[in-house]
Protein chains: 2
Amino acid sequence: MTEQKHPYLRKDQRRTMIAEAARALILEKGYAALRTRDVASRAGINTSTLHFHVPTKAALVALVAETTRDSFLALLPPVPDPKQPARMQLRAEAAAYHDSLRDHPELAACFAQLHQIAGTEPAIAQMLDGFTQNWCQRYVEILTIGQKQGVFRADLHPLPAALALTGALAAFGPRAPTGLAMFWPVFDETERGFLATQPH
Amino acid sequence: MTEQKHPYLRKDQRRTMIAEAARALILEKGYAALRTRDVASRAGINTSTLHFHVPTKAALVALVAETTRDSFLALLPPVPDPKQPARMQLRAEAAAYHDSLRDHPELAACFAQLHQIAGTEPAIAQMLDGFTQNWCQRYVEILTIGQKQGVFRADLHPLPAALALTGALAAFGPRAPTGLAMFWPVFDETERGFLATQPH
DNA sequence: GGGAAAATCAATCATATGGTTGATTTATGA
DNA sequence: TCATAAATCAACCATATGATTGATTTTCCC
């Protein structure tokens, strides 16, 4: 029995529950069908209580965006390290993303849905852009490290290469958690194009 | 003066105008903010007239999906030809997509928006999947032709490579029409990874 | 020219939806 | 213990929204 009937929770806990409920609904029905009523109902509270904790729908979306980003960040591997083998780090980076798609598909799905309102919600757009750039930058650094280590081609352009790889992997976001079968083949094929020497 | 006040148009023409209006609104405000009233207003007609031509909102979305796909298909280059140079065909394929993003950003933007409702609208999902697979298949064929011509690596796996390239290019969809600066660098970097011999 | 079919519109309906109000219940701390 | 603050809820409000109805205007074609 983990659910009380009327647990008068603290604001932080309740906001967390609200964010989870909203994220689940966005995953199931899409952002366009997100209703504050449904969020409250899924969270097991009254709509008034929802508005007590989250004043407006825009604030609810912002809350979802922030908590989703934080959950994503928590799943990332350690930041790139010039002393570690670049291919290992590249694979670890991709593996962390792969596992997030497999184990927490609501995160990528939620990001994809939030993308569609970024055009009219500058705050959301800024958050998404910041996260995407940060994510891509990790790949840029790993690729640069790999060049210095001599494992990636000397004429590789780290930024376009990182954009290509993150773009290719991001395409699996909407297909998660099923539809990941081609994830590693795509990664392997892309990585092979980056290598300085063709594997025998 | 191309606009009459009350041009009693034929159903086909009116449906085309309605589809264009809806696509423009989806591009501007996102699918979540799409309102039948706004579509009618943008098309210069009464909401009743809208419903006379397109019975429900779901039918409107289906109409948008179909017309968007058709517009996209019309912009594609000739189908892959084993007799033509593969690199030229690959670049032509990418250029057609690039130009569609530059000149008709509403098409890719609309596709991205429609993707978000595919989870609850099987018909939309089927249309999008079919188009995406067809698009990817063109790249698979060009890559296969290129292998036979000896311009691409013999150990290249066409399907994963095509998924990687289309995924990387698709990432530019939401950024169009601005934000295309890295399009060709990303293409060039990816293509270089496919080549059999490193350019000197 | 004139009648039928097609297209359009003003007015309206039923419901959905984000948000508010004021009372009520529970937790907190002096 | 008990007054105060925090959290919750039932009922309600104002507007948004998809869709309908019935009358009106235009086009088609014989």
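Values below: all heavy atoms of this structure, side chains included; hydrogens, waters and symmetry mates excluded. Remember, it's a predicted structure, so these values are computed and weren't measured experimentally.
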Sub-3.5 Å pairs of nitrogen or oxygen atoms, protein against nucleotides 28-30 of chain C:
unit_1	atom_1	unit_2	atom_2	d
C:dT28	OP1	A:Arg10	NH2	2.3

Query raised in the report: Any side-chain heavy-atom pair from B:Ile45 and B:Leu50 closer than 4.5 angstrom?
Result: yes
Query - nucleotides 15-25 of chain C: protein proximity per nucleotide (B base, S sugar-phosphate only, - neither; heavy atom, under 4.0 Å) - result: --BBBBB---B
[N] [atom2] sits how many Å from [X] [atom1], rounded?
{"X": "B:Leu60", "N": "D:dT17", "atom1": "CG", "atom2": "C1'", "result": "14 Å"}
{"X": "B:Leu50", "N": "D:dG18", "atom1": "CG", "atom2": "C1'", "result": "10 Å"}
{"X": "B:Arg15", "N": "C:dA6", "atom1": "CZ", "atom2": "P", "result": "15 Å"}
{"X": "A:His53", "N": "D:dC9", "atom1": "NE2", "atom2": "P", "result": "9 Å"}
{"X": "B:Leu9", "N": "C:dA6", "atom1": "CG", "atom2": "P", "result": "16 Å"}
{"X": "B:Asp12", "N": "C:dA6", "atom1": "CG", "atom2": "P", "result": "13 Å"}
{"X": "B:Ile18", "N": "C:dA7", "atom1": "CD1", "atom2": "P", "result": "11 Å"}
{"X": "A:Ile45", "N": "D:dC9", "atom1": "CD1", "atom2": "P", "result": "7 Å"}

Requested in this report: Enter the distance from B:Gln89:CD to B:Ile142:CD1 here, rounded to the nearest 0.5 Å.
Outcome: 5.5 Å
Requested in this report: Kindly compute the distance separating CZ (A:Arg23) from CD (A:Glu28), expressed to the nearest 0.5 Å.
Outcome: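 Here the rounded value is 13.0 Å.
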Query raised in the report: Would B:Gln116 and A:Gln116 count as having a side-chain donor-acceptor pair, cut-off 3.5 Å?
Result: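 Judged by distance alone, the side chains do not pair up.
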Query raised in the report: Can B:Arg15 and B:Thr67 be counted as having a side-chain donor-acceptor contact under 3.5 angstrom?
Result: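 Side chains of B:Arg15 and B:Thr67: no pair found under 3.5 Å.
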Query - Among B:Val54, B:Ile26, B:Leu34, the one residue meeting side chain to side chain contact (heavy atoms under 4.5 Å, CB included) with B:Val64 - result: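 Single side chain to side chain contact (heavy atoms under 4.5 Å, CB included) partner of B:Val64 among B:Val54, B:Ile26, B:Leu34: B:Ile26.
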Query - Geometric class of the B:Phe131/B:Phe111 ring pair [parallel <30°, tilted 30-60°, perpendicular >60°] - result: perpendicular
Query raised in the report: Should the ring pair A:Phe183 and A:His98 be called parallel, tilted or perpendicular, given that the plane angle runs from 0 to 90° and is split at 30 and 60?
Result: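 Perpendicular, since the angle between the ring planes exceeds 60°.
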Query raised in the report: When the ring centroid of B:Trp135 is compared with that of B:Tyr97, is the distance short of 6.0 Å?
Result: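 For B:Trp135 and B:Tyr97, the ring centres are under 6.0 Å apart.
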Query raised in the report: Does B:Arg14 have a side-chain nitrogen or oxygen under 4.0 Å from the phosphate oxygens OP1 or OP2 of C:dA6?
Result: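 So the side-chain polar atoms of B:Arg14 never come under 4.0 Å of the phosphate oxygens OP1 or OP2 of C:dA6.
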